[in-house]
Every structure is written in structure tokens, then in C-alpha cells.
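Worksheet: one structure, shown below.
Heavy atoms only: backbone and side chains are in, while hydrogens, waters and symmetry mates are out.
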Amino acid sequence: MSPEFIIASIVTIIGLTTPILLAGLGELVTEKSGVLNLGVEGMMLMGAICGFAATAFTFNPWLGVIGAAAGGALSSMLFAILVLQLNSNQVATGLALSIFGTGLSSLIGQSFTGRIVPQFGSIFPDVLAKDPIWKLLFGYSPLVYFALIMVPLTAWFLKSTRAGLILRAVGENDHSAHSIGYSVTGVRYAAIAFGGAMAGIGGAYFSMVITPMWAERMTAGRGWIALALVVFAGWRTGRLLAGAYFFGFLMWLELFAKANGFGNTMPFLQAIPSQFWAAMPYIMTVVALTLISSRGNVGASAPACLGKPFLPST
Amino acid sequence: MQTPPRLDLSGITKRFPGVLANDQVSFAVQPGEIHALLGENGAGKSTLVKMIYGIMQPDAGEIRWNGERITIQNPKAARKLGIGMVFQHFSLFEAMTVLENIALGMDANIPARDLEAKIVAVMQQYGLKLEPHRIVSTLSVGERQRIEIVRALLLKPNLLIMDEPTSVLTPQEVEQLFVVLRQLASEGCSILYISHKLHEIKALCHTATILRGGKLVDTCDPAVETSRSMAEKMIGGSLKDIQRGEGRALGTAKLTVQSLSVAKDGPFGIALKDIGFSVKAGEIFGIAGVAGNGQNALLLALSGETPSTSPEAIQIDGTSVAPLTAKQRRLAGMASVPEERNGHAAVPDFSLSDNAILTARDRMGMVSGGMVNAHSARTYAGEVIAAFSVKATGPAAMADSLSGGNLQKFIMGREIMQKPQVLVVSQPTWGVDAGAAAAIHQALVDLAATGSAIVVISQDLDELLSLCDTLAVINEGRLSKPMPVAGANIEEIGLLMGGVHGDPNAPTHISAEVAHAY
């Protein structure tokens with residue numbers, strides 16, 4: 001394997017990792033507040049189309065990202081009102097949000113099909129960003145750096161700030177948090193909105209970075225992987241980063257297999273159809289979840305109020 | 001000039017749909033006074049303190065604080081006035097540290113290091129021991145309560161409200177708590193102490209206010225009153241003692257448990273280790289212990305919900321029932337009542353007669369040829385309702401339309417009226433008022449008199465001491481040697497309850513005052 005090939009592979013893996021890392025971080029914060037939002041896929045698609053549309057109107061990808069965050073957050077608010085105000089079932093409402101986001105994004109996307117929007121420039125000088133070696137560090141879209149900065153920032157927020165402490169408290173024991181005098185519903189609205197915004201930016205990575213074009217369902221199920229990633233990571237930010245790269249690697253295997261790469265290097269893998277590699281991340285999701293839950297770790301680390309509606313007794 | 005009372009309530013009234021929770025309640029708490037608030041479940045104690053702590057607003061009446069008329073908008077405003085509260089059900093976060101839990105209870109954002117220093121200072125002042133960086137789920141109930149107390153003390157309260165603080169403590173832990181409360185009171189802090197344990201109120205409190213049905217019945221001096229006279233004011237009638245038949249003789253061993261071990265069922269579960277005891281026909285066997293020491297696991301193992309590992313571990317009349325399922329054990333003559341009423345002992349969305357079918361269908365002949373005989377189910381549910389004076393509209397009433405105490409009476413009645421050979425019950429009178437508790441106790445004694453073996457698992461030591469013939473203590477999943485209740489030593493029982501899940505720092509001796517109170 002040539003160094004060029006390895007560098008290209010790493011760049012690809014980082015690209016594949018970024019959207020699920022962004023959406024996963026958002027979902028982690030949402031779940032830490034005790035809300036299970038299964039609508040990540042729908043919010044990512046809403047972010048993808050809103051980011052694309054905002055860029056198409058303003059010709060400014062930075063405003064596009066804001067549009068994507070707003071699109072994701074707004075669609076998450078629909079979920080939040082149903083779940084927090086009307087106490088609807090979180091699982092069913094989240095699934096509905098996924099379906100709704102998929103449909104609405106397709107509808108909005110009708111008029112944008114075939115258009116191309118301006119892309120982010122490099123934020124580092126071309127000497128570094130285009131250098132065949134240094135591009136490993138400097139050659140990415142700003143969203144990649146944003147995602148990587150958000151990892152320690154989220155960890156710090158949850159661990160060391162008072163707001164983060166309150167958010168975890170609400171997810172751990174909503175009734176106690178309420179009796180101490182915190183607004184359970186308010187905290188959860190904020191957490192859901194953050195999750196929506198992050199999923200939206202993650203979705204925009206598809207329509208604004210990977211291909212500067214809109215296509216229906218272009219997130220291709222990555223929202224579900226992001227959800228599994230949170231469980232896989234045991235609700236810990238550090239493990240979420242590691243898990244995101246692991247899934248990124250699995251997705252890269254598919255691309256590699258489709259490009260007929262195994263034929264040259266590892267002929268014995270040639271016989272395996274590329275669909276198998278495409279299914280790998282999903283198979284690994286199931287395997288990882290089964291392994292983790294059979295060891296009883298999920299019960300210990302999951303926020304105690306995850307998925308339960310909050311009904312104050314007084 | 002006389003100093004005004006710390007807290008002065010006059011004419012406090014609170015109405016809920018269909019209920020007058022507080023009706024013209026007036027009393028005063030002086031600075032440095034430990035004031036008991038007594039009453040049965042539903043007497044309005046909780047509603048009243050919720051209004052003092054700002055969780056609810058009174059519909060009428062006024063609250064004076066140090067002589068000034070005030071309205072307490074929310075708990076934050078209450079804390080600002082210097083009112084602290086320790087809840088009966090701790091508002092703690094299991095997966096977080098002691099320090100994080102206390103930080104959450106503070107209104108100001110204090111840096112973690114400063115807060116820790118303050119906590120250490122308060123703990124030294126009052127002789128409370130806690131490790132600030134321990135995770136709450138690893139702490140004993142007594143230690144958890146200490147977190148709540150430290151949290152309240154950090155606010156330098158002028159009035160501390162304690163809601164049933166001793167219901168889950170060992171006698172030694174109660175003793176330690178009293179020392180702290182007396183020290184607080186001597187420093188001028190008023191304490192409003194809610195309890196229905198009369199001996200504690202006699203030992204601790206200066207004044208007692210008794211509520212019944214939302215109305216203030218009496219404000220008295222507990223040192224002058226007897227436990228019985230206060231109890232009768234609480235229930236508004238004379239208290240019935242348990243009637244036992246003359247010359248009871250215990251039969252041969254009915255239920256025998258030997259070398260029963262069960263692995264723990266989750267990260268916070270408790271494993272049962274080598275449990276062995278035997279209950280004779282006509283005997284009531286009590287299992288005491290602080291919550292979370294394996295009581296639940298033991299009930300599940302006895303009822304058949306958790307399968308047994310060893311085939312001989314549980315025997316009825318010498319025949320092993322260990323390999324049998326819960327349904328098969330019921331057919332073999334065993335009945336059980338778990339601690340949790342809603343969702344475990346009864347289905348909240350089912351009618352009472354449907355709930356009767358769930359455990360009584362085989363023994364009471366409600367099923368023939370796979371078909372449910374709804375008529376016999378209704379009749380049986382009706383009999384239970386009548387025999388146990390359950391307040392319900394009838395067999396068709398939904399289980400969740402009943403109050404906790406009434407549902408408990410129905411569930412206990414449903415099992416007792418099947419006349420099981422062996423009955424295993426957990427917390428038979430949890431949340432049940434004194435009158436109903438006496439009725440349930442009487443029914444258990446009457447069942448035992450017919451030759452059934454009864455196991456009562458309870459955290460309420462008083463209940464076990466008055467009800468049982470034999471007593472054992474469960475701690476960390478291990479059962480102590482059984483001892484006859486007649487010669488039981490409270491100090492020894494308290495020590496057995498301690499162990500790991502109890503408080504390791506608790507004193508080994510309790511004062512004559514507390515021991516005498518039992």
C-alpha cells in the first residue's frame with residue numbers, strides 16, 4: 001500500500017466520520033437530559049436541505065451552516081413540543097420525526113435538484129491545505145474541525161459546568177431535579193434543540209461538503225448509526241469519538257470494496273460482494289449493542305430517566 | 001417584648017378537586033423548638049409542609065415568618081428565607097457524587113473546591129461523616145439522608161422541615177440523627193418533624209401538632225401524652241390491639257428454605273447468599289432490614305419469579321417447590337404479595353375483578369376449560385372488598401382509581417382469602433393508615449391461626465415486633481440467625497441491620513432512651 005493510498009484513506013475515513021460524530025454528539029447531550037430522540041435521520045435530512053437552500057440563496061456556506069443548524073433545531077422543536085408538552089411516546093414520536101423529516105426534505109428539495117452551491121474554501125493557506133502530506137492535518141472542511149472541537153467542548157460542558165451538571169441531573173432523576181427547583185422541561189427543550197442543531201449540521205456535511213448537491217435521502221441511514229453510536233459509546237464523549245472512527249472505518253471498507261480494492265491486495269476477500277461491506281456498519285451496530293447490553297453496561301451508564309415522560313406529581 | 005414565633009400559620013386552607021386537604025390549620029413554631037407534625041396518611045401533613053416550602057400555595061390563610069406576613073412563591077424563595085427541607089423520598093441522583101448532589105441543591109454557583117471546604121466544615125461542626133467524592137449509589141440509606149441534611153445545613157436554615165426521616169434508618173442511625181437535630185435546635189434552629197412514630201416524637205420533640213382529615217385536632221406536649229393517647233387522637237377513635245387466640249401451638253415446619261443463593265440481577269442489585277430458615281405451621285416469621293439489602297430478591301426467589309439454582313432450596317411440607325414456576329407454586333399452596341403495588345402486585349389499568357383473576361383463578365375456580373368465569377371473579381372481588389372494607393365503587397373499579405392504602409388492602413385480601421398454606425408478603429402496610437394496618441395485621445394473625453406459615457418482610461421494625469413470633473435480619477443478601485421476638489434485643493437487631501449497607505460509622509450502642517422507646 002502506497003503512502004498516497006494511506007493518506008487518501010485517512011482523509012476519506014475522517015470525512016465519513018464527521019457527520020455521525022456531529023449528530024452523535026448532539027444526540028448524546030439530548031439523551032443525557034433523559035430524552036430519547038429517534039428522529040436523528042429526519043433532522044439530518046432537514047439540516048441537509050436547509051443548509052443547501054440557505055447557501056443557494058446567500059452564496060455563503062457559513063450562512064448555510066447556520067441555516068442547517070436552524071433547520072435541524074426547528075424540526076427537533078416539533079418533536080420537543082409533542083414529547084414535552086403533550087407527553088407523547090418518545091420512541092413513536094422520534095420515528096415519526098424521522099419519516100416526516102425525510103418527506104419534508106424531499107418536498108423542499110424538489111426545486112433544488114440539479115443545482116450546485118458554492119463550497120467552503122480551505123481555512124488554512126493552500127501551502128498546507130493542498131500539500132500531499134500536510135493536507136492530512138490541514139486539508140479538511142471547517143466542519144471537520146468544528147466537529148473535533150465540539151468533542152472536548154461537550155465533555156467539558158457536561159463534566160465541569162453547572163449547566164452541564166443540571167442537564168445530567170435532569171436525565172438522572174427528573175422528579176428530584178424538579179423538587180429542587182430546576183425546570184425539567186426547559187432543560188430538555190434546550191437539550192433537544194442542541195441535538196437538532198448538531199444533527200442538522202451533520203446532515204449539511206452531505207449536501208455542502210461531500211457533494212455540493214441535493215439528493216433525496218442523501219444521508220443514507222447515517223442518523224441511525226449516530227443513534228447506535230451513542231449507546232456504543234456508553235454515553236461518554238471520549239468513547240463516542242473512538243466509536244465514530246470505528247464506524248467511519250467500516251464505512252470506508254464499503255467504498256474500498258466497491259472500488260475493487262481487495263482484488264489487488266487481498267484476493268481472498270474478492271469473493272465477498274460489496275453489499276456485505278455496505279451492511280457492515282449496521283451489522284456491527286447490532287453486534288455492539290448486543291455485546292454491551294449482555295454485559296449489563298448499558299443499564300449502568302444510561303441516564304436513568306432516558307425515554308420516560310416527565311409528569312410532575314404536583 | 002416577646003420574640004414572635006419563627007413560623008406562625010393561621011387559617012391555612014388548601015382544596016384539591018374533591019378533597020379539602022387542609023382546613024383552617026393554625027399553629028406556631030418557636031425558635032429552637034422541635035415541633036412534631038403528626039397524622040395518618042392523607043391527614044394533610046405533606047400538603048401543609050409543601051405550602052411552607054413553597055411547592056404549593058395555600059387557598060386561604062396566612063403565613064407569618066418572624067412576625068412578618070409573607071407569601072412563599074417557590075422552594076427557592078423558601079430557601080432564601082432560611083427554610084430547609086429533607087424529603088422522605090430523597091431527591092438524590094444515584095449516578096453522581098456526593099459533591100455534585102450537594103452542588104445541585106445550592107442556588108448559588110459555588111466553585112467545587114470552595115463547596116467542598118464548606119461541606120467539610122459543616123460535617124465537622126455536626127459530627128456528620130461523608131466522603132464528598134463517593135458515588136451516591138454506593139452509599140447506605142443513612143448516608144444518603146446525611147447528604148440531604150448537609151445540603152439543608154449549608155443554607156444555615158432557621159427552620160428545618162424533616163419529612164418522615166427515620167422510616168428507613170436503623171435504631172443506631174436514628175440515635176445519631178437525634179443528636180444532630182438536638183444540637184441544631186440548641187443553636188436556635190426550629191425543626192418541623194413529620195412522623196407517625198410516636199415513641200420517637202416522645203423522645204425528641206417539644207411540641208406535637210396532630211392533624212386528622214386535614215383539620216388540626218390538637219397541639220399537645222408529647223412528654224405528657226402517652227403514645228396511645230396520641231395515636232387515638234391521630235385516628236380519631238380507640239386503637240385496636242392485635243387479638244391472638246388462646247394457647248396457640250405451632251405445628252411442624254411448613255416452609256423450609258435452605259442454602260438459597262441467587263445471583264444479583266443488575267449493577268445495583270443484591271445477591272442472596274446462602275439463606276436458610278424454616279417457618280412452622282401457625283408461625284409468623286419476620287424479616288427485618290434496611291431497604292435495599294436483598295428483600296426484593298428474596299421475595300422474588302420465594303414467589304417463584306426468579307428461578308432457583310438448587311432444586312432443594314425451597315420446600316413446602318417437605319416437598320421441594322424450588323423447580324416450580326410462580327403459577328405452579330401458587331397451586332402448591334403458596335401465595336405472595338410483592339412490595340410494589342402498581343404494576344407488580346396489581347395491573348393499574350385492570351378492574352379489581354380482573355386483578356383477582358390474575359392470582360386467584362386456579363385456587364378459587366375462576367377458569368374452566370380455558371374460559372374465564374367472570375361471574376365468580378366478580379363475586380370473589382366483591383367478597384374481598386367487603387371483608388377488608390376496601391373503599392372502591394365495586395369489583396369493576398379500576399385498580400389505579402383506588403388510593404394506595406385501599407389497593408394494598410385489596411391485594412392483601414385477595415391473597416389471604418385464598419387461604420394459602422404459605423404466604424409471603426413484603427411491606428404489608430406500606431403507606432396504609434393505622435386503622436387499615438391494624439386490620440391487615442389482624443387478618444395475618446387470623447390466617448396464621450388456621451395453620452398457615454407466614455413470612456413478613458418489612459422495614460418497619462415496630463410492625464415486625466408486634467406481629468411476628470420469630471425474627472431474622474437481612475443484610476447484604478445474608479440472613480441472620482432467627483430469634484424469638486419475645487426475647488429480642490433491639491440493640492442486637494440494630495447492629496445486624498447495620499453491616500455494610502447500614503452505616504459503618506454508627507455507634508455500637510444506643511441510648512436507653514431510644515431502646516426504651518421501642
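To the nearest 0.5 Å, atom CD1 of residue Ile110(B) and atom CZ of residue Arg162(A) are 8.0 Å apart. Interatomic distance, Leu92(B) CG to Asn173(A) CG, rounded to the nearest 0.5 Å: 8.0 Å.
In this structure Asp163(B) satisfies the salt bridge (charged side-chain N to carboxylate O under 4.0 Å, His left out) test with no other residue, sequence neighbours excluded. Not counting sequence neighbours, the partners of Glu31(A) by the side-chain hydrogen bond (donor to acceptor under 3.5 Å, both in side chains) test are Trp235(A).
Environment of NZ in Lys273(B): crowded, with over 12 heavy atoms of neighbouring residues, nucleotides or ligands closer than 6.0 Å. Around CZ of Arg15(B), the count of heavy atoms belonging to other residues, nucleotides or ligands within 6.0 Å does not exceed 12.
A pairwise comparison of heavy atoms in Glu94(B) and Glu172(A) identifies N-CG, 4.5 Å as the closest pair.
Contacts of Ala169(A) with chain B are made by both backbone and side-chain atoms, with heavy-atom separations under 4.5 Å.
Contact count against chain A (heavy-atom pairs under 4.5 Å) is highest for Ala103(B) among Gly54(B), Ala103(B), Pro75(B), Gly105(B).
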